[in-house]
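To start, the structure under review is shown below, and the notes come after it.
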Amino acid sequence: MVSTKLIGKLFVSRQKEIDRYAKETEAIQEHVFRKLIQTAAATEWGKKYNYANIRTYTDFQRVPIQQYDDVKGYVDRMRHGEKNILWPGQVVWYAKSSGTTNDKSKFIPVSKDGLRHIHYKGGTDAVALYLRSNPQSNFFSGKGLILGGSHSPNYNLKDSLVGDLSAILIQNINPLVNFIRVPSKEIALLSEFEEKVERIAETTIHENVTNLSGVPSWMLAVIKRILEKTGAKHLNEIWPNLEVFFHGGVCFTPYREQYKQLITSDKMHYMETYNASEGFFGLQSDLNDPAMLLMLDYDVFYEFIPLEEIDNPAPAIIPLADVEIGKNYAMVISTSCGLWRYIIGDTVKFTQKSPYKFVISGRTKHFINAFGEELMVDNAEKGLARACAATGAQVLEYSAAPVFMDANAKCRHQWLIEFSTMPDSLENFRHTLDKALQDINSDYEAKRHKDITLQELEIIVARPNLFHDWLKQKGKLGGQHKVPRLSNNRDYIEEMLKLNI
């Protein structure tokens, strides 16, 4: 429609700025680096590490690498109202993320600068890049359904909140955006996920929804409830102008076929975003390329640790210019939210430079390397996709862990899988998945050689709603919460197996 074409012109200048990424990478990141260092020089952290005298990246390397437990004390003081600690002024918003070994939850600072120059900038750019990829779009002819979490008061400090990042974004969003967004803020911020799903279904059925934003697993729950209430078979029967789903938080691969079955419109698109509690880092700039564009001119300075160095007490740390294509790295960030040389826990693999594009390959702690096989989430997703294609299966959720030794002295990987469509042969699915993992991962292949180290993997079929019930039991329904895909120990899977009755 004319409205989208007219509004789309407002994004042209930004699209041209993003085009600079291809040839001006180092200059752009250098500008971000200097801005962050200069702005934080007078903070407690900046004084401790003498930011006023940092002139080069080499100078910056004297600042130690941080994980959450290293900065927890600073963050807790900030949560109690102290100012100028990790970032200038008072930070009043904290994104609640999955915990560490010592704590149930992490509380990631979200400053006003971070909201504006990282998170909201990413949301705006998602629309800008989508409109360029789809010039026939009618995006602004209707509304966007944004699925978020919830928040609560932070230590009862005035106007200070802690909760899911999505809830913080909805709480602080420009009021004008509320005219093109559903559901209402009241419903969007409900803490009970099941009540939220019901209220969203009730209030959005008769809206003209053109776009969706959220975590695929939780959005699927909303879609299925809407279809149940209306009796429709496909979502595009209810929202005929639906054209794009901005998704993130978990890999989309296990959900793609289900979405295609529930949304049959040939004008439907899917665009991946990388908006973590710690920052907004990537966007799919080409709808035909699954890799995401690394967003260079936000308030984020990037560094990387080769995955093989991650457990080294003094790991090698490299700038963006030194990364290699096809290699796994742990991402290290410094941001205007007060995170400095912070390991966020995600691993990425670059697919190209000029501009830099990457895929999320896994988590620094969510992998299986019990026997030297170094199985990453990226390997698992590709293997499952191949097994599904060979057997007509659809995987809804899964988790896998090692079996170190059973009564017969056999070691293997154990997969707990909830299927939305069962494979025509579970044995064929198992063999195909195992063979695919060997084809994809040479370390796994070596350990599987002649069954000497690893036996063929085992699959346990999960009952319907097992993972939903496990998350509910842990108080983690909705928001940013997700099922741990791969674990190097059996803690999670044993909890799940006890519920699989």
Side-chain angles (χ1 to χ4, degrees), residues 92-98 105-110 112 114-116 118-127 142-154 159-204 207 209-226 239 242 244-250 252 255 271-280 283 337 468 471-472 475-483:
V92 297
W93 304 302
Y94 296 86
K96 189 176 180 180
S97 184
S98 56
S105 300
K106 296 183 290 188
F107 299 93
I108 306 300
V110 182
K112 290 181 179 179
L115 269 180
R116 181 180 178 185
I118 302 176
H119 294 291
Y120 286 143
K121 193 169 184 177
T124 301
D125 284 351
V127 178
K143 297 183 177 182
L145 194 164
I146 301 176
L147 184 60
S150 61
H151 59 60
S152 58
N154 170 51
D159 300 324
S160 186
L161 300 172
V162 60
D164 293 312
L165 172 68
S166 55
I168 293 172
L169 298 179
I170 290 172
Q171 178 66 42
N172 293 282
I173 204 165
N174 186 317
L176 293 176
V177 177
N178 288 319
F179 290 106
I180 57 171
R181 181 189 67 80
V182 290
S184 68
K185 185 180 289 188
E186 173 196 0
I187 295 173
L189 298 177
L190 285 171
S191 58
E192 291 295 326
F193 182 70
E194 287 159 331
E195 178 187 358
K196 180 184 296 188
V197 169
E198 191 66 27
R199 296 282 300 279
I200 290 174
E202 290 174 355
T203 58
T204 61
E207 296 282 358
V209 173
T210 63
N211 59 97
L212 309 173
S213 299
V215 177
S217 52
W218 304 125
M219 186 63 76
L220 198 59
V222 173
I223 292 172
K224 288 183 175 180
R225 184 58 187 140
I226 288 173
W239 296 327
L242 183 65
V244 62
F245 177 25
F246 299 102
H247 59 85
V250 297
F252 192 55
Y255 305 99
M271 182 172 178
E272 185 166 7
T273 68
Y274 185 8
N275 191 16
S277 299
E278 298 86 355
F280 201 124
L283 282 168
C337 289
H468 174 280
L471 287 168
K472 184 175 182 179
K476 293 185 175 182
L477 278 184
Q480 302 293 312
H481 303 300
K482 60 200 78 170
V483 173

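Bear in mind the structure is a predicted one, so any value in this text is a computation, not a measurement. Residues: numbered from 1 along the sequence shown.
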Just do the side-chain contact (heavy atoms from CB on, under 4.5 Å) check on Val110 and Leu115 with the steps written out, would you? CA-CA 7 Å; Val110 182; Leu115 269 180; 3.8 Å; yes
Report, as yes or no, whether the 6.0 Å neighbourhood of atom [atom1] on [X] holds more than 12 heavy atoms from other residues, nucleotides or ligands.
| X | atom1 | answer |
| --- | --- | --- |
| Glu192 | CD | no |
| Lys185 | NZ | yes |
| Lys121 | NZ | yes |

side-chain contact (heavy atoms from CB on, under 4.5 Å), that's the test. Do Glu272 and Phe252 meet it? Break it down for me. CA-CA 8 Å; Glu272 185 166 7; Phe252 192 55; 5.7 Å; no
[X] side chain to [Y] backbone, donor-acceptor under 3.5 Å:
| X | Y | value |
| --- | --- | --- |
| Trp218 | Gly149 | no |
| Asp164 | Ser166 | no |
| Lys196 | Ala188 | yes |
| Tyr120 | Ile173 | yes |

Counting C-beta onward and ignoring hydrogens, is there a side-chain heavy-atom pair between Met271 and Leu283 closer than 4.5 Å?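 Side-chain contact under 4.5 Å: yes.
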Are Phe193 and Ser150 packed together at the side-chain level, in the sense that at least one heavy-atom pair is separated by less than 4.5 angstrom?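 The answer is no; the side chains never approach within 4.5 Å.
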Using the rule given for side-chain contact (heavy atoms from CB on, under 4.5 Å), can you reason through Leu161 versus Asn154, listing the C-alpha separation, both sets of side-chain angles and the distance that settles it, and then say yes or no? CA-CA 5 Å; Leu161 300 172; Asn154 170 51; 5.7 Å; no
Measure the OG-OH distance between Ser277 and Tyr94 for me, rounded to the nearest 0.5 Å.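 If I round to the nearest 0.5 Å, the distance is 14.5 Å.
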side-chain contact (heavy atoms from CB on, under 4.5 Å) for Met219 and His247? Distances and angles first, verdict last. CA-CA 9 Å; Met219 186 63 76; His247 59 85; over 6 Å; no
